[in-house]
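One structure is given here, and the rest of the page talks about it.
What you are looking at is a predicted structure, and each value in this text was computed from that prediction instead of being measured.
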Amino acid sequence: MTRRPLADLRSQRWFASDDMRGFAHRQRTQQMGMRREEFLGKPVVAILNTWSDMSPCHSHLRDRAEAVKRGVWQAGGYPVELPALSVGEVMVKPTTMLYRNFLAMEVEELLRSHPVDGAVLLGGCDKSTPGLLMGAISMDLPVIFCPAGPMSNGQWRGVKTGAGTHTKKYWDELRAGNITQDDWVDLESRMTRSIGTCNTMGTASTMTSIVDAMGLTLPGASSIPAADSGHTRMASSCGERIMEMIWEDLKPSRILDARSFRNGLVAYMALGGSTNAAVHLIAMARRAGVELTLDDMSDMAGKVPVCANLFPSGEYLMEDFYFAGGLLAMLKKLEAHLDPEAKTVNGRTLGENIADAECWNDDVIRGPNNPVVPLSQGKTLAVLRGNLAPNGAVMKSSAANPKFLKHVGPAIVFDSPAEMNKAIDDPDLDITEDSVIVLRNAGPVGAPGMPEWGNLPIPKKLLKQGVRDMVRICDGRMSGTHYGTCILHVAPEAAVGGPLGLLKTGDLIELDVAAGRLDMRVAPAELERRKAEWKPTAPVYGRSFAALYQRHVSQADEGCDFDFLSAPGPVAEPVIF
């Protein structure tokens, strides 16, 4: 690869000139204790760090940033750490999804406004991966994504426990009276026993694995547990490799194409990944100028079965996946579905990166001929359309009770989580296992931010009868760690006048997953009458970031990006005077 001359690097616009501005830039860098020889004439590598004391999944990223710096220094560069919005799940309300686009904006502008030649992106918790990469793709400088890594395996009383998945399972058991309050308290300290992201195939590992398959991480980096010493070494290698990428000018536009996203989809489906990826991948593809739709995902889901035996679809956790060979071993078994010539950040093709991969546990990492969930029983992503979801809705049919995949039942409709929580455990609530629980006004505009409210609670009286699944419908999202017959991302959402807003309690809902249908059995004339009477019920923000979000966000089937960010076209480099 031809090495670019130093004068071609962006940073030289700040540091190389002999005018007063160049003097000031060099002067202020020395103000921070840097010797002239330590930064002058070297590529500048930004380390975008989403570390936060409120983000447990990212609590180790300060240390990883230091490892990245070691790699950059060793390769002859000048590393600078830039803090970025953490968007760590659990603590951020109403949802980190509200701030994914905020992070994407911040990343793009951090890279544009500073003397940066390339970047290492530190993140991993759900929205940090797409947020970091959406901004980086739009800025189009050489970047490597350094995933935070999954936490170590959890166990409670001899039972393997996974973050999120077992939280929901044991919450239902507590409400059913099958475990005690003391058991519940004991569980708090057992399931999340180390640094890192969720140890199940939730949204975090879904997204980091997808971008690994797309070629945006060092090969196999997404599988390394956060607490493993190899994770620190991987971070240092990211610092060394980004230097080579800067000299090669190997940026996202030279890596990402339709082949990359196809490979990402293969990994997505084989992992039994989170439904949230459907939103993030469309947003990322649009930033990269690649056409990608729900139908493309549905098509791949019909070809690639769930092969990773991981919670919530399987029996193992991410640490087991790593020791079994990790993502590269899984991709090796799926070679027939991949585009091996797709480029990756290490300068090799995906085919070259998986050529020598081996699997060490064929129960953890299955092949298409021995899947965890055969395609005949369910798919990672089923796309549904009908008069209730004209633009599409999604569900993970592989994690649903098969008896509900073709179902007709009366709707029980709620307009807010508060309304639902007040009524759901009322013993007088007229509800059975055949009912369909619906929560609306949880979408991008309605919430706002499309929170993970979609794994709707099963009434306590049904839990005590042994019911653990029902058909549930929401225009919001669901945690990737969760499971059940949950239909999500209904588009258009209720808050913007979608048909979900016209539904009434008692209306019959018909679900046919095999046919890809989601309908309400309401006459067209009656729907027109309801539409004429419809009034929005979701809150409208007059100020704050939420106001910007509501005015500019697209619907779920379009990626929930902002219209002014997903538009094509370059942005001029900042002027320096």
Side-chain angles (χ1 to χ4, degrees), residues 9-11 14-15 25-88 99 102-125 127-129 131-136 139 141-149 195-197 208 216-218 221 226 231-246 345 574:
L9 301 186
R10 294 180 77 247
S11 60
W14 277 260
F15 289 121
H25 299 148
R26 296 187 295 271
Q27 176 194 50
R28 293 298 185 170
T29 303
Q30 291 177 76
Q31 179 186 355
M32 294 184 288
M34 302 300 299
R35 292 184 296 120
R36 222 170 177 262
E37 295 77 14
E38 290 178 310
F39 68 89
L40 199 59
K42 296 181 177 182
V44 178
V45 175
I47 303 168
L48 268 60
N49 195 349
T50 55
W51 170 88
S52 163
D53 267 337
M54 280 288 184
S55 181
C57 302
H58 293 172
S59 63
H60 57 302
L61 292 187
R62 268 182 166 175
D63 293 335
R64 297 302 178 270
E66 293 303 314
V68 174
K69 289 178 184 178
R70 292 203 313 265
V72 173
W73 285 122
Q74 182 170 322
Y78 173 44
V80 293
E81 188 175 352
L82 302 177
L85 190 68
S86 188
V87 292
Y99 301 105
F102 194 126
L103 175 59
M105 293 169 66
E106 182 181 27
V107 168
E108 184 176 350
E109 299 308 326
L110 279 172
L111 295 178
R112 177 174 292 114
S113 61
H114 289 94
V116 170
D117 300 309
V120 176
L121 313 173
L122 299 184
C125 191
K127 315 308 175 298
S128 65
T129 301
L132 287 164
L133 285 167
M134 286 162 65
M139 185 56 197
L141 295 179
V143 294
I144 290 180
F145 183 76
C146 178
I195 55 175
T197 59
T208 58
L216 296 173
T217 74
L218 294 181
H231 193 270
T232 307
R233 294 192 295 272
M234 179 271 293
S236 179
S237 295
C238 286
E240 184 176 11
R241 176 57 191 160
I242 192 62
M243 283 292 296
E244 296 167 349
M245 292 175 65
I246 289 169
V345 294

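Of all the heavy atoms in Val107 and Gly131, the pair that sits closest is CG2-O, 4.4 Å. Smallest separation of non-hydrogen atoms from Ala148 and Thr197: CB-CG2, 4.2 Å. Across all non-hydrogen atoms, the minimal contact from Ala226 to Gly196 is CB-CA, 3.6 Å. Between Phe39 and Arg26, the shortest heavy-atom distance links the atoms CZ-O, 3.8 Å. In terms of heavy atoms, Ile246 sits closest to Val44 at CD1-O, 4.3 Å. The shortest heavy-atom contact between Thr129 and Thr208 is OG1-CG2, 3.6 Å.
Using cut-offs of 30° and 60° on the angle between ring planes, the pair Trp14 and His25 is tilted.
Residue Met134 holds its CE atom at 10.0 Å from CD of Glu108, rounded to the nearest 0.5 Å. Within the model, atoms CE of Met234 and CD1 of Ile144 stand 10.0 Å from one another, a figure rounded to the nearest 0.5 Å. The CD atom of Glu106 sits 10.0 Å away from the OG atom of Ser113 when rounded to the nearest 0.5 Å. For the atom pair Leu133 CG and Phe145 CZ, the distance stands at 6.0 Å (nearest 0.5 Å). Note that the OG atom of Ser128 and the CG atom of Leu48 stand 11.5 Å from one another [nearest 0.5 Å]. In this structure, SG in Cys238 is found 14.0 Å from CE in Met243, a value given to the nearest 0.5 Å.
Partners of Arg241 according to the side chain to side chain donor-acceptor pair (under 3.5 Å) rule, which considers only residues two or more places apart in sequence or in another chain, are Glu244, Glu248.
Side-chain N or O atoms of Ser59 include one that pairs as donor or acceptor with a backbone N or O of Pro56 at under 3.5 Å. Listed for the Arg10 side chain is a donor-acceptor partner under 3.5 Å among the backbone atoms of His114. Side-chain N or O atoms of His60 include none that pairs as donor or acceptor with a backbone N or O of Ile195 at under 3.5 Å.
Surrounding CZ of Phe15 are more than 12 heavy atoms belonging to other residues, nucleotides or ligands, all under 6.0 Å away.
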Can you list the steps and then say if Glu66 with Glu81 is a side chain to side chain contact (heavy atoms under 4.5 Å, CB included)? CA-CA 9 Å; Glu66 293 303 314; Glu81 188 175 352; 4.2 Å; yes
Please assess His58 against Cys125 for the test side chain to side chain contact (heavy atoms under 4.5 Å, CB included), listing each intermediate value before the final yes or no. CA-CA 7 Å; His58 293 172; Cys125 191; 3.4 Å; yes
Please evaluate residues Thr217 and Val345 with respect to the criterion side chain to side chain contact (heavy atoms under 4.5 Å, CB included), reporting the C-alpha separation (whole Å), side-chain torsions for both, the decisive distance (0.1 Å), and the verdict. CA-CA 7 Å; Thr217 74; Val345 294; 5.7 Å; no
Given Val72 and Glu240, is the side chain to side chain contact (heavy atoms under 4.5 Å, CB included) satisfied, shown in steps? CA-CA 5 Å; Val72 173; Glu240 184 176 11; over 6 Å; no
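Side-chain contact between Trp73 and Pro79: present, with at least one pair of heavy atoms (C-beta onward) separated by less than 4.5 Å. You'll find the side chain of Leu103 reaches within 4.5 Å of the side chain of Leu132, heavy atoms only. The shortest side-chain heavy-atom distance between Arg70 and Thr232 falls under the 4.5 Å cut-off.
Among pairs with a residue in residues 29-38, those fulfilling side chain to side chain donor-acceptor pair (under 3.5 Å) read Arg28-Gln31, at least two apart in sequence or across chains.
Of the residues listed (Leu61, Leu122, Asn49), the one engaging Val68 in a side chain to side chain contact (heavy atoms under 4.5 Å, CB included) is Leu122, and it is the only one.
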